[in-house]
Amino acid sequence: MSTISDRVQIGTGRPSVVSAALAMTIAATVLAFLVVPGLTVYPLVAFMVVAAYGWYAHQEETARSLMFVMTASTVLILALITVYLVVKSIPAFRIMGVDIVLKTNGPFWNPREKLYALFPMIWGTLITTLIAICIAAPLGVAGALFISEIAPRWARELLKPAVEMLAGIPSIVYGFIGFVIINPYMMNELSVSTFGSLIAVGIVIGVMALPTVVSVAEDAIASVPGPMKDGSLALGATNWQTMTDVTIPAAFSGVTAAVLLGVGRAIGETMAATVILGHAQVLPEPLYNVFGNTETLTSLIASQYGIASGSQLSALFAAGVVLFVTVLVISIASQRIEARMKQKLGGEV
Amino acid sequence: MAVDSTPTNDLVQEGTGRLQTIGYVLQAVALLVLVASFALLFEVVDAQSLVAGQSVLTWMGLGFGVLGLGFVAVAGLSRADLVESTPIKSAGVGAGIVYALIGFVVVGLVSSQTLGLQTLWVIPAILAGGLVFLGAVYPREDIGSTLPAAGFMVFAGTTFLTGTIGLDWTWQPIPNGAVFDASMALIVTGFFGGLLGAWTAARAGNGFGSRGRQSGAYLLVSVNAVAMAALLFALVTFVAVRGWAPMTRGIKTGIFWEPVYWFYFQPIQEYVIFQIPGLWFYWPFTMEGAALMNDINGVAPAIIGTFWLVVGAILFAVPLGVGAAVFLTEYAEQGRFTQLVEISTNGLWSTPSIVYGLFGLALLVPRLGNSNSILTGMLVLGFMLLPLVVITSRESLKSVPDEYRDASAALGVSQWQTIKSVVLPAAMPGVITGVILGVGRIAGETAPILLVTGGSPFPSTGADIFDPRFAFTGQFPWVSLNIVNVDPLLQPSSALPYQLYAVISAGLSENLSFAWGTALVLLLVVLGFYAIGIASRAYFRRKLQA
């Protein structure tokens, strides 16, 4: 969309004294906070004074500069997260080398001997995510299809908020239900020998990722232009044929992005896994035993941060790096896919 | 945007009569089987419990049998043109793959378990899958889409009715792994078989062809939607039922007379007191902390902690996020910078909460008092809220029509004035809704709180932050004004989700009802935010349309 700056250019593009002072003071504040936190308050006060003066004397320009700073802060936060995670994890990478992710035979985890191999946790995350997405992807896409194409108006108006509410149920509540209901159920009914199992976590996380898939996929399906569907209907196709042959192919990249976002949610889900799993840093026996017990990357961090220090804490940060990088890659991939869909459907949708 | 796709089947309604009736009956049987499998799953009934003189196992076996024979009958009737149907040449590759997968699994299980072929089970399984696929795809649709399903139903029915899978059947696929009994077998077969049966029956009942396919697909998609709504309802009701009693235990209310004004009345030599009725309300679970002397321990410190965390996160993230959104939509040219910001916001949005916790632990905790604190929690939750605010604010700023901006500019109003007095007010409802929904999300976040804020699992008092005091003093400037206490901001605190986690990790044997109560309070708080957000969005949308 075009902004009015094309039409009524006011800022002449010349950086003025106020903007420069704002930029310098805020940069000094951030720098001071990172390097000498004790002195942060001085540049911060200076920034506030400059901002107050600017607001009083040159409101137009000050507002613009302030908002630029705010925009840059999002980039800064992501950069800070990346830098701090990586820096804190370096000791662990130094101790373990590539074995930290590639060591595939036990023993894996022993803080006393400075042994930190993340393979069982990566495996656990992989298995739970796979189970979760096997539930969330088909059911989520079907739900999105129902809400945007099939449901009568009243059902849509009932279901859409219901799905949003489902997304709102805190993960710890899911974890709690898994802990008091599903875990004992598995032990009684399926004679699972340990408290907590990968499949229980996978199912719970699948239910939790479901609303994400539904709402994003629903947006994608609803954004398919009506005339495309009308054309198909006018040729005598049934509604269902129109959906499978026109709507879903047109929305395919959006639906893929929805599933990818669901995968991202499933990978990063912490509390349900922490509460339900039994925290054994070993591989399930055999590998595909979904009723076995292992650890996920997230639950490793949540369950050990309290007792960890030194290189063990660094290993937890390494787990965080693996998580963060994976999820970031997925996020960027899904954005590119979505951008492609927008392009394909012709500009704004 | 969505086209109004009301089916116009009235024009093309074909009387399928008898076939339709058979289809409905078979659908009903299949859904009954599905319901029975859910009843077994939730332990409403047991495999051996008797219903009308027969065990559930027998009944489900009979159900499978009826479905199987029914499908055979439908195939025969349709093939012999005894009923009106409109089958097409083939059942289609999609249905073929579904049936082939079922054939693969069933034959694989039989050959590996019953026939005892070790790893060779793959060969007959693949063969069976291929054959079923051909059998489904090659013949005309009314044969190809019913007989494979019928085969499965008859097989399942005989397995249960002949006692191959009897009441005392167990199966342990992995040594020391899970053990499946007859109940589990019934749940799994009932679930998939029920869905398969309902799907097949819906297609057959509507005379196959494209209408039949639509009915089959609609049935499955609708069942899924109903299941989702039921899941939400069941989850909330379940927590409410378990948590209601502990949450409301010990509530006391009463009316008492409150003196408001009194004076000494000389003639009768007594005080005259004016009283008004006051309402007295005591709700221990939300007003008390945890202490040895308490009759009923409560979660008040956690509620206070959550309140302050949310307030802090909003104060931090909302100005920042709205400012960024205004800059991005109103000032910035599309280019590298906006692209970078967009990638960052989306990246922040999908960053796992535990990673935010680690980040707070690495960056903020050492710099803000070197211990877990509310302030750190506020900032970390603010970081999490920020991308949500940016995304939703951008959406609602974009949806303000350009005419507003043009009209304002035509009046000679400067760009910033336009933003301040035209664009932002118009976008405000959307921004507020986004913030409320975002707050609902962060109020339930546990992982970052665990890492950067959490303190004692059962605190007795909440953080005393808001403390307005005003007094005259003897020194310059002769007044002392205090609004917030800074010290508690730098102390650890509890929060509702953290409280629930703390109870779980402290052991549930004594605290189970306390945990359910906490879960219900948490759910009420979070879903309350969501309900308000959704309702306000609906309200503003309706107002915009009117």
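A, B, ... follow the sequence lines: proteins, then strands. Residue 1 opens every chain. Reckoned from all heavy atoms, side chains included, excluding hydrogens, waters and symmetry mates.
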[X] versus chain A, heavy atoms under 4.5 Å apart: side chain, backbone, both or neither?
{"X": "B:F337", "answer": "side chain"}
{"X": "B:L358", "answer": "both"}
{"X": "B:V322", "answer": "neither"}
{"X": "B:F529", "answer": "neither"}
{"X": "B:L527", "answer": "both"}
{"X": "B:S222", "answer": "both"}
{"X": "B:N346", "answer": "both"}
{"X": "B:L41", "answer": "both"}
{"X": "B:A535", "answer": "neither"}

Start with the C-alpha distance between A:E60 and B:S414, add both sets of side-chain angles, then the distance that settles side chain to side chain donor-acceptor pair (under 3.5 Å), and finish with yes or no.
CA-CA 8 Å; A:E60 188 97 15; B:S414 75; 3.0 Å; yes

A:L159 portion near chain B, given a 4.5 angstrom heavy-atom threshold
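Just the side chain, heavy atoms under 4.5 Å.
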
Is chain B contacted by the side chain of A:T274, its backbone, both, or neither, given a heavy-atom distance below 4.5 Å?
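For A:T274, the side chain is the part near chain B, not the backbone.
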
Evaluate the side chain to side chain contact (heavy atoms under 4.5 Å, CB included) criterion for residues B:L523 and A:I169: first the C-alpha distance (whole Å), next the side-chain angles of each, then the deciding distance (0.1 Å), finally the verdict.
CA-CA 7 Å; B:L523 208 57; A:I169 296 180; 3.8 Å; yes

May I ask you to test the [X]-[Y] pair for a side-chain heavy-atom distance under 4.5 Å?
{"X": "B:S353", "Y": "A:T270", "value": "yes"}
{"X": "A:F33", "Y": "B:R367", "value": "yes"}
{"X": "A:N239", "Y": "B:Y218", "value": "yes"}

Can you name the residues that form a salt bridge (charged side-chain N to carboxylate O under 4.0 Å, His left out) with A:R265, not counting sequence neighbours?
none

Quick one: which of A:T244, A:I81, A:V290 has the most heavy-atom pairs under 4.5 Å with chain B, could you say?
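Among A:T244, A:I81, A:V290, the one with the most close pairs to chain B is A:I81.
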
Which of A:F324, A:F179, A:F68 touches chain B most, by non-hydrogen pairs under 4.5 Å:
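Of the candidates given, the most pairs with chain B belong to A:F68.
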
Just wondering, more than 12 heavy atoms not from B:K420 lying within 6.0 Å of its NZ?
yes

